[in-house]
Amino acid sequence: MNFRKFTADLKSNTRFLREFLAAQKGKNQMKRKTILSLVGASALIFLSWKSFANTYLEEVKVDNQFIQTYQSREGIWIVPGKVKESLEDLYHKFGTSEREVRLLNGIHDSGKIQNSEPVFFPYNANYTRNLLLEDKGREIFTSDARELIWPLSFKYSRVTSRLGRRWNALHAGVDIACPNGSVVIAAADGVVSDSKRDGGYGLRVVLSHPQINGIQTLYAHNSLLFVKQGDKVKKGQVLALSGNTGHTTGPHVHFEVRYQNVVLNPEHYLPPFLADKESQVAIAKETIQQ
């Protein structure tokens, strides 16, 4: 629907109705009520159309270093061999169990929980509540479901290279410099097409987004990968931790958008990168009332 044409038509119809009302002044009250109802109906249609125009807006919770999500559960990714606590200590700390951890991570009863691989530990409600009381909740953003969000927090990061020619070759995406180990998030709801080490990309994740014209997004040079092929992910969900793997000149996230393997400009799908205005982007933060 053309918004300008719709508005012009509405104004024209309203003007006609007002002129008609003036001409009919002195007629019986019932007729005037009928015309007024028509004016009200026109206004209602206009308001309904404006409401319809905003139906794609959604609130997105962005995972951070304290609260993360996997398989629709809140918890945290941990490499067991890199922390002091034993597995039993971690189960007790987060209010979970070995069985629950195995089910979420797809580890069979006969399989060993590897100390060198990331494992997702779900939180119980009390542990999550305590984190919120400590002001460690996730930030909440408003986003159009048809658009992407940046794969990193604006804080402590900056765009260092964009799509185009670089060193006599095509640079196929956007580079975002950030501290090593930053949380890398899904730019939109999607399905993990691939998650592995891939040459110059290093450790990278590829997501498919059927709801956005079937595009794919790619996240490269990570230090740790959390998701696996076939996982369904939500916009704002952690996928990996940033790093310096593959061919790089420093820690950053290389972000691409493709359609049927054709490179697209990621910034055509993204809001402006507001490196110094993060507080203007988040609309709220998780609290214990939510």
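Small disclaimer: the values here were computed from a predicted structure and weren't measured. Excluded from the calculations below are hydrogen atoms, water molecules and symmetry mates; all remaining heavy atoms, backbone and side chain alike, are included.
If you check the side chains of Y70 and N105, you find no donor sitting under 3.5 Å from an acceptor. Looking only at atom types and distance, the side chain of Y201 has a donor-acceptor partner in the side chain of E256 under 3.5 Å away.
Checked against side chain to side chain contact (heavy atoms under 4.5 Å, CB included), K232 has the following partners two or more places apart in sequence or in another chain: V191. Contacts of T69 classified as side chain to side chain contact (heavy atoms under 4.5 Å, CB included), with partners at least two apart in sequence or in another chain: D63, E74, R138, Q237.
Scanning both residues, N222 and R204, for their nearest heavy atoms gives ND2-CA, 3.9 Å. In terms of heavy atoms, K112 sits closest to I107 at O-CG2, 4.2 Å. Here the closest non-hydrogen pair linking G137 and L132 is CA-CD2, 3.5 Å.
Heavy atoms of other residues, nucleotides or ligands lying less than 6.0 angstrom from CZ of R129 number 12 at most.
Side-chain contact between E88 and H92 is absent, with no heavy-atom pair separated by less than 4.5 Å. Counting only heavy atoms from C-beta outward, the side chains of L207 and L239 approach each other to under 4.5 Å. Side-chain contact between I185 and I149 is present, with at least one heavy-atom pair separated by less than 4.5 Å. Taking 4.5 Å as the limit, every side-chain heavy atom of S223 sits out of range of all side-chain heavy atoms of L203.
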Audit row: Y91, E100, side chain to side chain contact (heavy atoms under 4.5 Å, CB included) steps and yes/no: CA-CA 9 Å; Y91 301 146; E100 191 172 31; over 6 Å; no
Pair H209-T217, side chain to side chain donor-acceptor pair (under 3.5 Å): steps then yes or no: CA-CA 8 Å; H209 308 282; T217 53; 2.7 Å; yes
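Under a hydrophobic-cluster definition in which Ile, Leu, Val, Met, Phe, Trp and Tyr are linked whenever side-chain heavy atoms come within less than 4.5 Å, directly or via other members, L218 and I215 are assigned to different clusters. Cluster membership for V79 and F226, using ILVMFWY side-chain heavy atoms within less than 4.5 angstrom, is shared. In the hydrophobic clustering of this structure, V206 does not group with L241; members are Ile, Leu, Val, Met, Phe, Trp, Tyr whose side-chain heavy atoms approach within less than 4.5 Å, directly or through other members.
Listed by first then second residue, pairs satisfying ring-ring contact (aromatic ring centres under 6.0 Å, His included) with a partner in residues 173-194 number zero, not counting sequence neighbours.
Using a cut-off of 4.0 Å between Lys/Arg side-chain N and Asp/Glu carboxylate O, E58 and K235 are scored as salt-bridged. Checked for salt-bridge contact, R146 and D144 meet the test: a charged N lies under 4.0 Å from a carboxylate O.
Between F255 and Y219, the ring centre distance stays below 6.0 Å.
With W77 as reference, F120 is the one residue of F121, F120, F66 to meet the ring-ring contact (aromatic ring centres under 6.0 Å, His included) rule.
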